[in-house]
Amino acid sequence: MDVKDSNGNALADGDSVQVIRDLKVKGSSVTLKRGTVVRNIRLTSRADEIEGNADRVRGIVLRTEFLKKV
């Protein structure tokens with residue numbers, strides 16, 4: 001399964017990605033700001049989602065259309 005970021009770059013387990021727009025986190029009052037880096041991502045069973053840890057949020061699932069590889 002190929003997992004790609006918003007620019008078409010291939011993503012793999014352990015990569016770091018950057019958020020390209022502000023995202024509200026469901027179930028929390030936290031907003032991930034543009035430019036936030038999510039390190040050490042894990043691929044999920046879906047090609048359009050990854051799982052990772054941001055600064056203030058642990059175990060967050062993000063859609064790849066809002067990310068770019070760092």
Side-chain angles (χ1 to χ4, degrees):
M1 173 173 45
D2 284 340
V3 178
K4 298 188 178 201
D5 67 358
S6 61
N7 295 329
N9 297 321
L11 297 175
D13 283 336
D15 284 345
S16 294
V17 293
Q18 188 175 26
V19 178
I20 60 171
R21 63 177 264 199
D22 291 352
L23 299 173
K24 293 183 181 178
V25 179
K26 285 186 178 181
S28 176
S29 62
V30 175
T31 300
L32 290 179
K33 297 292 185 184
R34 180 178 176 208
T36 301
V37 176
V38 179
R39 301 185 197 290
N40 199 17
I41 65 168
R42 292 174 299 284
L43 303 180
T44 62
S45 59
R46 297 183 58 167
D48 61 344
E49 293 179 349
I50 59 105
E51 185 178 340
N53 296 324
D55 293 336
R56 299 180 303 187
V57 184
R58 299 288 180 228
I60 189 169
V61 176
L62 297 168
R63 298 200 35 116
T64 57
E65 64 192 79
F66 303 119
L67 306 171
K68 73 174 183 178
K69 189 172 181 178
V70 178

Listed partners of Glu51 passing side-chain contact (heavy atoms from CB on, under 4.5 Å), at least two apart: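 Per chain and number, Glu51 pairs via side-chain contact (heavy atoms from CB on, under 4.5 Å) with Arg42, Thr44, Val61.
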Test of understanding: with side-chain contact (heavy atoms from CB on, under 4.5 Å), list the residues that count as partners of Lys68, not counting sequence neighbours.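 Residues passing side-chain contact (heavy atoms from CB on, under 4.5 Å) with Lys68: Asp5, Ser6, Asn7, Gln18, Ile20.
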Please list, one pair per line, the donor and acceptor atoms closer than 3.5 Å that link side chains of residues 29-40 to other protein atoms, with sequence neighbours excluded.
{"residue": "Thr36", "atom": "OG1", "partner": "Lys33", "partner atom": "N", "Å": "3.4"}
{"residue": "Thr36", "atom": "OG1", "partner": "Lys33", "partner atom": "O", "Å": "2.7"}

Going only through I, L, V, M, F, W and Y residues with side-chain contacts under 4.5 Å, is there a path from Val19 to Val25?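 Linked, Val19 and Val25 end up in one cluster.
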Excluding sequence neighbours, so at least two apart, what forms salt bridge (charged side-chain N to carboxylate O under 4.0 Å, His left out) with Asp55?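 Salt bridge (charged side-chain N to carboxylate O under 4.0 Å, His left out) check on Asp55 returns nothing, list empty.
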Not counting sequence neighbours, list each pair that qualifies as a salt bridge (Lys or Arg N to Asp or Glu O under 4.0 Å) and has a residue in residues 13-31.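 Pairs touching residues 13-31 that pass the test: Asp15-Lys69.
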Spacing of Ile50 atom CD1 and Leu62 atom CG [to the nearest 0.5 Å]: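 The distance works out to 5.0 Å.
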Starting at CG of Leu11, measure out to CD1 of Ile41 and round the result to the nearest 0.5 Å.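 Between Leu11 CG and Ile41 CD1, I get 4.5 Å after rounding to 0.5 Å.
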